Number of protein chains: 2
Amino acid sequence: MRVKIVDVAREANVSVATVSRVVNNIPLVNEETKERVLEAIKKTGYKPNAIARSLKIQKTNTMGIMIPDITNPYYTEIVRGAEDVCGIYHYNIILSNTDFDPEKEKKSLNVLVEKQCDGIIYVGKDLSAEMQAELIDAPSEVVLGCIPDDSGFLSGVLINNEAAAYELATELIKMGHKKFMLFFDELEEGYIYQERKKGFIKAFDENNIQFDDSRILREKLSLSGGYSMMEEAINSGVDFTCVFCFNDQTALGAIRCAEEMGKKIPEDISICGFNNFWIAEWTRPQITTVAQPMYDIGAIAMRMLIKLCEKDGDRTVKNVYVPHEVHIRGSVAKIDS
Amino acid sequence: MRVKIVDVAREANVSVATVSRVVNNIPLVNEETKERVLEAIKKTGYKPNAIARSLKIQKTNTMGIMIPDITNPYYTEIVRGAEDVCGIYHYNIILSNTDFDPEKEKKSLNVLVEKQCDGIIYVGKDLSAEMQAELIDAPSEVVLGCIPDDSGFLSGVLINNEAAAYELATELIKMGHKKFMLFFDELEEGYIYQERKKGFIKAFDENNIQFDDSRILREKLSLSGGYSMMEEAINSGVDFTCVFCFNDQTALGAIRCAEEMGKKIPEDISICGFNNFWIAEWTRPQITTVAQPMYDIGAIAMRMLIKLCEKDGDRTVKNVYVPHEVHIRGSVAKIDS
DNA sequence: CTGAAAGCGCTTACAG
DNA sequence: CTGAAAGCGCTTACAG
């Protein structure tokens with residue numbers, strides 16, 4: 001049997017109220033009784049029951065984090081940032097992998113709400129109308145990661161994907177590239193997809209390059225997905241000198257496939273990723289990419305969430321755009337136009 | 001105000017007991033009243049308060065997982081395996097990064113216990129006597145990941161590190177190597193370190209190769225740690241043809257440094273990692289390593305933990321050794337002896 | 001400064 | 001089949 005507050009009260013010859021006061025460091029306790037209680041706590045090995053406490057004070061000090069897949073290094077970093085901030089403010093994280101599956105997301109949200117999470121961070125590449133409604137409705141506070149909420153009810157932390165894609169494309173165009181392929185997600189629509197596509201189109205337009213949907217390939221955004229998209233691209237006979245991959249894993253897979261098919265990277269094909277995952281500088285060739293401050297996204301989102309959960313915290317709804325950065329590395333090269 | 005059980009009781013004209021029964025799917029409820037309650041639940045949008053429930057039934061259906069750093073791909077996979085199993089059995093995970101810091105570990109354990117986690121998975125490279133005592137003492141159930149408990153009180157899931165190191169070393173010796181360097185952890189002692197060292201020594205002994213502590217370098221086990229150990233190794237002028245790194249990140253860092261210093265990998269130096277992280281086949285050269293089934297370690301540990309948390313579950317204490325596998329890849333080569 | 005008592009939102013013997 | 005009531009382990013007005 002775990003020892004409870006009444007046991008230490010008995011031991012210290014005081015009421016449970018008094019024990020509670022010293023446990024919670026409420027001042028008005030006589031120094032001497034406090035000592036006595038502290039001793040009783042040590043002697044009995046008492047540990048407060050946070051569940052009981054939560055029920056009473058209506059606050060759990062636990063946050064939920066819904067993330068597609070913690071195994072994706074991009075999301076891993078976000079979780080780490082969030083967890084570190086949690087630690088500082090004495091919160092804990094319940095982690096939930098959603099795999100971009102709307103059913104899982106719903107179930108997950110439901111459980112997090114039932115477990116009375118003070119707040120929830122929702123990370124994804126898109127916010128469906130349904131999820132948006134559920135999140136706005138949820139009794140827990142909510143902050144979005146990587147996506148914005150257009151309703152004005154939810155705050156979010158993200159990069160400007162359109163600008164990022166635009167800048168990346170512009171760099172490659174400056175290097176002489178005109179014929180592009182895009183290795184995108186299976187998922188047809190989605191906020192991030194749309195934004196980046198806008199960015200690419202803008203850059204293309206400004207340089208009188210035709211944006212052609214047939215130059216978009218779709219697959220799982222993974223090493224093997226990138227590999228097979230490259231295989232398809234080369235086999236298709238389409239003429240291209242540069243490919244934009246939706247993330248770095250995909251880019252690396254594409255690089256490996258191209259090499260195996262006898263292409264030199266970057267001499268024959270320039271390949272770009274996105275996100276700047278932790279290993280991007282350590283591959284050969286190094287991966288040209290757009291860095292996102294993933295850790296900061298998690299950390300900032302969690303800070304905002306905690307503010308929402310504390311009285312007198314800042315409740316301004318806003319989208320925080322964190323800086324991105326284009327890194328030109330060995331996987332791309334200038335070409336003669 | 002969140003709607004509570006009494007609200008739906010009122011709405012359905014029944015007692016809270018009845019509502020509770022239908023929510024928990026307890027049979028003895030009249031079909032008709034059940035319908036009425038279900039409707040009231042839908043109408044009011046009632047969601048049970050899991051905290052209140054937990055307090056009453058003395059079970060939270062949440063598990064704690066203490067892991068050094070979720071950002072390390074090795075640990076990431078373990079967490080994913082654990083979380084997936086949790087999902088199946090309707091548990092949730094509270095994630096806690098401990099960074100190999102005994103203070104953080106203690107605090108973390110404490111919080112997990114206070115939050116009444118039904119069970120806790122402790123993952124690390126070593127189990128200090130102090131931690132061991134605390135874990136055995138903890139009112140939550142505990143299963144270890146990657147390390148065993150020699151007291152016979154705690155179950156664990158892990159590979160046989162000694163055998164793994166032995167097999168890896170034997171392979172390299174067969175390839176003609178005799179002069180080794182070892183790139184190990186800053187942390188001097190520790191279970192996994194000791195086991196692997198034993199394995200290396202055994203292989204060396206069997207082949208009349210002297211094991212010399214001066215051939216062990218110590219640094220952070222990271223890309224840059226590997227890089228700087230290789231720098232030091234080469235600059236030291238010590239003669240070696242093969243290096244064993246404690247993990248794959250370290251190996252990759254070492255490979256990059258060696259290349260930059262004009263060495264050809266694997267022709268001039270053979271380099272091995274450990275763990276077979278997800279990208280090991282996609283680097284160039286590909287990394288020779290020992291695969292651990294990380295996902296399974298997490299999944300099996302969680303299964304065992306859940307059994308411990310359910311009545312009539314299997315309470316046998318045991319260490320489950322999962323299979324490892326040596327993968328010889330492009331980062332190593334035969335040499336003429 | 002301290003304690004008695006109500007109440008947080010549930011579940012579950014117990015009685016009917 | 002259903003309900004009244006006790007109790008899970010805390011916190012916190014309220015009274016003294």
Side-chain angles (χ1 to χ4, degrees), chain A residues 1-38 40-41 44-62 110-111 113-118 139-140 311, chain B residues 1-38 40-41 44-62 110-111 113-118 139-140 311:
Chain A
M1 209 52 219
R2 300 200 189 199
V3 8
K4 30 201 173 170
I5 201 170
V6 49
D7 299 318
V8 354
R10 197 178 304 122
E11 179 70 31
N13 246 307
V14 294
S15 72
V16 295
T18 301
V19 176
S20 172
R21 287 191 190 102
V22 351
V23 167
N24 291 295
N25 244 313
I26 293 167
L28 350 150
V29 185
N30 180 310
E31 224 12 80
E32 194 196 324
T33 33
K34 187 171 171 181
E35 285 308 316
R36 200 141 36 88
V37 170
L38 254 15
I41 287 175
T44 56
Y46 171 67
K47 302 214 162 132
N49 181 325
I51 295 294
R53 176 163 210 273
S54 290
L55 178 58
K56 179 62 192 171
I57 69 172
Q58 303 283 73
K59 188 163 188 321
T60 55
N61 274 49
T62 110
N110 210 38
V111 174
V113 165
E114 290 191 356
K115 290 207 171 171
Q116 315 295 113
C117 286
D118 296 335
S140 306
K311 314 184 190 308
Chain B
M1 210 49 219
R2 302 200 189 199
V3 7
K4 32 201 172 170
I5 202 168
V6 50
D7 299 318
V8 355
R10 196 178 305 120
E11 179 71 30
N13 246 307
V14 294
S15 72
V16 295
T18 301
V19 177
S20 171
R21 287 190 190 103
V22 350
V23 167
N24 292 294
N25 243 311
I26 292 166
L28 349 151
V29 185
N30 181 309
E31 220 18 74
E32 194 196 324
T33 32
K34 187 171 170 182
E35 285 308 316
R36 199 141 37 87
V37 171
L38 253 17
I41 287 173
T44 55
Y46 170 68
K47 300 214 163 131
N49 181 324
I51 294 294
R53 175 161 211 274
S54 289
L55 178 58
K56 179 62 193 173
I57 69 172
Q58 304 281 75
K59 186 162 188 325
T60 55
N61 274 49
T62 111
N110 210 38
V111 175
V113 165
E114 290 189 357
K115 291 209 170 167
Q116 314 296 112
C117 286
D118 296 335
S140 306
K311 313 184 191 310

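Just so we're on the same page: letters track the sequence lines, and every chain starts at 1. Everything numeric here is computed off the predicted structure, so don't read it as measured data.
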Length of the CG-P vector between A:Leu55 and C:dC8, whole Å: 9 Å

Determine whether a donor-acceptor pair (N or O, by modelled atom type, separation under 3.5 Å) exists between the side chain of A:Ser54 and the backbone of A:Ala50. yes

Report the C-alpha separation of A:Arg10 and A:Asp7 in whole Å, then their side-chain angles, then the decisive distance to 0.1 Å, and conclude whether the salt bridge (charged side-chain N to carboxylate O under 4.0 Å, His left out) test is met. CA-CA 5 Å; A:Arg10 197 178 304 122; A:Asp7 299 318; 3.5 Å; yes

Is there a side-chain contact between B:Ser15 and the phosphate of D:dT2, meaning an N or O under 4.0 Å from OP1 or OP2? no

Looking for any heavy atom pair under 4.0 Å, which part of the strands does B:Ser54 touch: base, sugar-phosphate only, or nothing? nothing

Assign each of B:Arg36 and B:Ala52 to its nearest nucleotide of DNA chain D by heavy atoms, then name whichever residue's nucleotide is nearer the 5' end. B:Arg36

Side chains of B:Arg53 and A:Glu114, heavy atoms from C-beta outward: is any pair under 4.5 Å? no

What are the two closest non-hydrogen atoms of A:Val113 and B:Arg2, and how far apart are they? O-NH1, 3.2 Å

State which of D:dT2, D:dG9, C:dC1 makes the closest approach to the side chain of A:Asn30. C:dC1

note: A:Lys115, atom NZ; C:dC8, atom P; distance rounded to Å ~ 23 Å

Tell me which nucleotide among D:dC10, D:dT11, C:dG3 gets nearest to the side chain of A:Arg21. C:dG3

Within this structure, what is the NZ-to-C1' distance between A:Lys59 and D:dT11, rounded to whole angstrom? 15 Å

State the pairing partner of D:dA13; accept Watson-Crick or G-U wobble contacts with both distances under 3.5 Å, and report none otherwise. none

If you only use heavy atoms from C-beta on, which nucleotide in D:dC10, D:dA4, C:dT2 is closest to the side chain of B:Ala17? D:dA4

Shortest side-chain distance from A:Val16, nucleotide among C:dC10, D:dG3, D:dT11: D:dT11

Mind checking B:Ser20 for me? I need base, sugar-phosphate or nothing, with any heavy atom below 4.0 Å counting as a touch. base

Ignoring the backbone of B:Leu28, work out which of D:dC1, C:dG9, D:dG3 is nearest its side chain. D:dC1

Test side chain to side chain contact (heavy atoms under 4.5 Å, CB included) on A:Val14 and A:Arg36 and set out the steps. CA-CA 9 Å; A:Val14 294; A:Arg36 200 141 36 88; 3.9 Å; yes

Please work out if A:Val14 contacts a base, only the sugar-phosphate, or nothing of the nucleic acid, heavy-atom cut-off 4.0 Å. sugar-phosphate

When you compare the side chains of B:Lys47 and A:Asn110, does any donor N or O come within less than 3.5 Å of an acceptor on the partner? yes

Does B:Thr33 place a side-chain N or O at less than 4.0 Å from the phosphate oxygens OP1/OP2 of D:dT2? yes

Using atom CD1 of B:Ile57 as one end and atom P of C:dG9 as the other, report the distance to the nearest whole Å. 17 Å

Using the C1' atom on both, measure D:dT12 against D:dG16 and round to a whole Å. 16 Å

State the pairing partner of C:dA4; accept Watson-Crick or G-U wobble contacts with both distances under 3.5 Å, and report none otherwise. none

Please give, in whole Å, the distance from D:dC10 C1' to A:Arg53 CZ? 9 Å

For atom CZ of B:Arg10 and atom P of D:dA4, their distance in whole Å: 13 Å

Tell me whether the OP1 or OP2 atom of D:dT11 has a side-chain N or O from A:Asn24 closer than 4.0 Å. yes

Between C:dG7, C:dC1, D:dC8, spot the one nearest the side chain of A:Lys56, thanks. C:dG7

How many Å lie between CD on A:Gln58 and C1' on C:dG9, as a whole number? 8 Å

How close or far is atom P of D:dG9 from atom CG of A:Asp7, stated in whole angstroms? 9 Å

